[in-house]
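Have a look at the structure below before the remarks.
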There are 2 protein chains.
Amino acid sequence: MHPPMLEGNLAQPVIRRLNALRQLSDRGIALLQQAIQDGLQRARAGEDIVSEGDPVDGVRIILSGWLCRYKTLEDGRRQIVNFVLPGDSCDACVYLLSVMDHSIGALTPVTYAEIERAAFEKLLAGDRSLAEALWCETMVNSAIQREWTVNIGRRIALERIAHLLCELHERLLPVGMIEDGSCLFPITQMDLADATGLSVVHVNRTLQELRGAGLIVLRDRTLTITDLKVLQGTALFSADYLHTKRRG
Amino acid sequence: MHPPMLEGNLAQPVIRRLNALRQLSDRGIALLQQAIQDGLQRARAGEDIVSEGDPVDGVRIILSGWLCRYKTLEDGRRQIVNFVLPGDSCDACVYLLSVMDHSIGALTPVTYAEIERAAFEKLLAGDRSLAEALWCETMVNSAIQREWTVNIGRRIALERIAHLLCELHERLLPVGMIEDGSCLFPITQMDLADATGLSVVHVNRTLQELRGAGLIVLRDRTLTITDLKVLQGTALFSADYLHTKRRG
DNA sequence: GCGTCGACTTAACATACTTGAAATCGCGTC
DNA sequence: GACGCGATTTCAAGTATGTTAAGTCGACGC
């Protein structure tokens with residue numbers, strides 16, 4: 001259906017992401033590309049690709065688009081617990097549990113690959129570097145989750161939003177989605193609020209403050225970090241928890 | 001050094017904990033007990049058994065005592081990101097990463113088993129039920145971490161503390177540390193504050209409120225949940241995220 | 001071209017929670 | 001038995017953040 005060339009392009013973010021954790025072998029890359037090609041899927045913005053309570057059937061690998069993991073309280077309060085970016089995979093091993101404890105919703109149109117449990121186990125068994133990279137990614141997700149707990153629990157609004165922006169910047173770097181400190185930023189202020197545990201109004205106030213300080217430009221779904229060092233400073237940000245090998 | 005009987009008792013919480021996730025085979029239990037016996041360690045209250053920045057050398061399994069995982073900001077603010085209870089293991093697979101991104105500190109005197117990387121890999125390879133149970137536990141830890149994010153981000157103080165108490169209650173049940181709704185509760189109000197993202201003063205106020213409502217009795221390091229149903233209700237608590245098979 | 005709708009923005013007000021400080025209590029030490 | 005110390009408790013005052021509401025802007029449909 002698609003020419004091989006296109007498939008290669010689609011898998012680029014995933015390969016770059018995993019390579020930043022563990023050097024993938026050629027064999028691993030080939031297996032991965034095949035698995036991706038076999039399970040291509042799309043979702044529209046606003047759609048949930050998995051919902052809380054669903055049985056866990058397999059693994060999803062994001063090729064393009066942004067999503068978020070979130071949980072909702074009975075009375076409607078929502079908390080986004082993580083963003084899922086191109087190259088990320090969802091629940092590389094949550095398939096050990098039987099039921100999803102959270103939902104994953106698309107913030108933009110999304111392309112992803114869905115890999116059934118059996119195929120995924122074959123993938124893991126097929127190449128050690130690939131298996132390790134995927135486990136690794138799961139571990140990094142845990143580390144991110146811990147840092148979010150710290151962020152929401154102990155940072156004030158300004159630091160908190162600054163920290164989130166720093167994290168997203170750092171995570172988008174290895175998959176090649178940052179150009180000149182700018183990136184597409186499809187997150188609404190309401191999403192930002194639900195991700196930081198703040199109200200929309202206060203998120204807005206705080207973004208104004210960051211703009212006023214000349215640290216960021218955020219306009220037309222595009223984020224530019226004008227002064228990364230200072231932004232990281234005000235966020236008390238250190239990239240260590242992302243466990244990403246730096247290029248070079 | 002110790003009679004086999006005593007070792008069996010030491011490993012009880014671990015076995016019960018893992019059994020609640022995956023039925024362990026006899027072989028798995030035997031391997032586990034041997035590994036535990038080989039790596040017995042102690043720590044005093046207040047001591048860190050692992051610190052942020054340390055190389056990740058192996059895995060620790062808690063036999064008795066309470067600990068917490070925590071991170072500290074440059075200026076001293078501290079956030080506890082999880083409690084570690086008897087039967088829990090620390091970083092069953094974080095050993096895929098090279099450096100700890102958080103510390104683990106003992107809140108009470110602690111007995112634990114330290115298993116080197118090689119021995120641990122042999123353990124995983126030696127019994128499938130054991131390996132699955134340990135991976136499973138790691139996944140549950142991620143789920144707990146997500147729920148903490150929700151808790152701190154979207155619940156008010158009263159709900160937040162109630163939720164934490166419900167979670168601890170639920171986690172202590174399968175390891176047999178709840179008697180008549182009561183348990184040892186060695187956490188200071190300051191720890192509680194650092195775990196919930198609140199100030200000590202407000203934690204105190206909120207505990208008074210829970211006491212006043214007749215939901216809990218907390219005195220002399222002992223917590224009694226007087227009205228579990230109502231406590232869970234005010235916490236908007238559902239145990240689903242703990243993925244624990246219920247007895248019976 | 002007008003109306004609708006979602007996202008963003010701003011203002012005024014309310015409050016949940018923090019900060020700082022001091023009193024009390026229990027507990028182990030000298 | 002006096003002292004010191006950590007944990008708990010209470011008070012008073014301050015502030016970061018939430019809430020409610022209303023207005024703007026751009027995109028999109030008819």
Side-chain angles (χ1 to χ4, degrees), chain A residues 44-47 66 68 73 75-80 105-109 151-164 184-212 216-223 234, chain B residues 44-47 66 68 73 75-80 105-109 151-164 184-212 216-223 234:
Chain A
R44 278 160 310 191
E47 203 175 315
W66 289 42
C68 67
L73 300 185
D75 63 2
R77 278 175 283 179
R78 183 177 79 136
Q79 176 70 40
I80 293 178
L107 300 170
T108 67
N151 201 31
I152 299 178
R154 283 300 180 223
R155 272 186 265 254
I156 63 170
L158 187 74
E159 300 165 341
R160 213 181 287 184
I161 292 186
H163 191 278
L164 178 56
L184 195 68
F185 196 82
I187 305 179
T188 69
Q189 294 189 5
M190 214 187 120
D191 296 330
L192 229 38
D194 284 341
T196 52
L198 299 166
S199 67
V200 195
V201 173
H202 202 58
V203 164
N204 186 282
R205 266 196 288 258
T206 308
L207 283 175
Q208 301 300 352
E209 203 177 337
L210 286 171
R211 286 194 257 249
I216 64 166
V217 177
L218 178 50
R219 217 177 43 206
D220 304 328
R221 313 275 98 152
T222 302
L223 171 70
T234 75
Chain B
R44 278 161 311 192
E47 203 176 315
W66 289 41
C68 67
L73 299 185
D75 63 2
R77 279 175 282 179
R78 182 177 79 134
Q79 176 71 39
I80 293 179
L107 300 171
T108 66
N151 202 30
I152 299 179
R154 282 300 180 222
R155 272 186 265 254
I156 63 170
L158 186 72
E159 301 165 339
R160 214 181 286 185
I161 292 188
H163 191 278
L164 179 56
L184 196 69
F185 196 81
I187 305 179
T188 69
Q189 294 188 8
M190 215 188 119
D191 296 329
L192 229 36
D194 284 341
T196 52
L198 299 166
S199 67
V200 196
V201 173
H202 202 60
V203 164
N204 186 279
R205 262 196 291 263
T206 307
L207 283 177
Q208 303 297 355
E209 204 177 335
L210 286 171
R211 286 194 258 249
I216 63 166
V217 176
L218 177 50
R219 216 178 43 208
D220 303 330
R221 313 276 99 154
T222 301
L223 170 69
T234 76

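Letters go in sequence order (proteins before strands), and every chain restarts at 1.
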To the nearest Å, give me how far apart CG (A:D220) and P (D:dC25) are.
15 Å
Interatomic distance, B:I156 CD1 vs D:dA16 P [rounded to whole Å]
21 Å
Can you find a pair of side-chain heavy atoms, one from B:H163 and one from B:T234, that are under 4.5 Å apart?
no
For the side chain of A:A157, counting heavy atoms from C-beta on, which of D:dT17, C:dT9, C:dT18 is nearest?
D:dT17
Need one value for A:R211: base, sugar-phosphate or nothing, where a base atom within 4.0 Å counts as base even if backbone is also close, heavy atoms only.
sugar-phosphate
Short question: side chain of A:T222, backbone of A:D220 - any donor-acceptor pair under 3.5 Å?
yes
Report the distance from atom CZ of A:R219 to atom P of C:dT9, rounded to the nearest whole Å.
11 Å
Check A:I216 against A:L207 and note the closest heavy-atom contact, atom names and distance.
CD1-CD2, 4.1 Å
Using atom CD of A:E209 as one end and atom P of C:dT10 as the other, report the distance to the nearest whole Å.
13 Å
Could you state the CZ-P distance from B:R155 to C:dC17, rounded to the nearest angstrom?
14 Å
Please check if the side chain of A:E209 supplies one atom and the backbone of A:L158 the other of a donor-acceptor pair under 3.5 Å.
no
Review item, nucleotides 4-7 of chain C N/O atoms under 3.5 Å of protein N/O:
from	atom 1	to	atom 2	distance (Å)
C:dA7	O3'	A:R221	NH2	3.3

Tell me if a side-chain donor or acceptor on B:T206 pairs with a main-chain N or O of B:A157 at a distance below 3.5 Å.
no
Do any N or O atoms from the side chain of A:R211 and from the backbone of A:V217 form a donor-acceptor pair under 3.5 angstrom?
no
Here the distance between atom C1' of D:dT17 and atom CD of A:Q208, to the nearest Å, is 16 Å
Relative to the 5' end of DNA chain C, which residue comes earlier, A:N204 or A:R154, by the nucleotide with the nearest heavy atom?
A:N204
Could you tell me the separation between the CD1 atom of B:I152 and the P atom of D:dT17, rounded to a whole number of Å?
15 Å
Donor-acceptor pair, side chain of B:D191 and main chain of B:T188, under 3.5 angstrom:
yes
If you measure from the Lys or Arg side-chain nitrogens to the Asp or Glu carboxylate oxygens, is any gap between B:D194 and B:R77 under 4.0 Å?
no
Look at the side chain of B:R205 and the base of D:dT8, then say whether one donor and one acceptor between them are separated by less than 3.5 Å.
no
side-chain hydrogen bond (donor to acceptor under 3.5 Å, both in side chains) between B:R205 and B:H202: does it pass, once the steps are laid out?
CA-CA 5 Å; B:R205 262 196 291 263; B:H202 202 60; 3.1 Å; yes
Between P on C:dT15 and CG on B:L158, what's the gap in Å once rounded to a whole number?
17 Å
Any residue of residues 191-202 of chain B with a heavy atom less than 4.0 Å from an atom of DNA chain D
B:V201
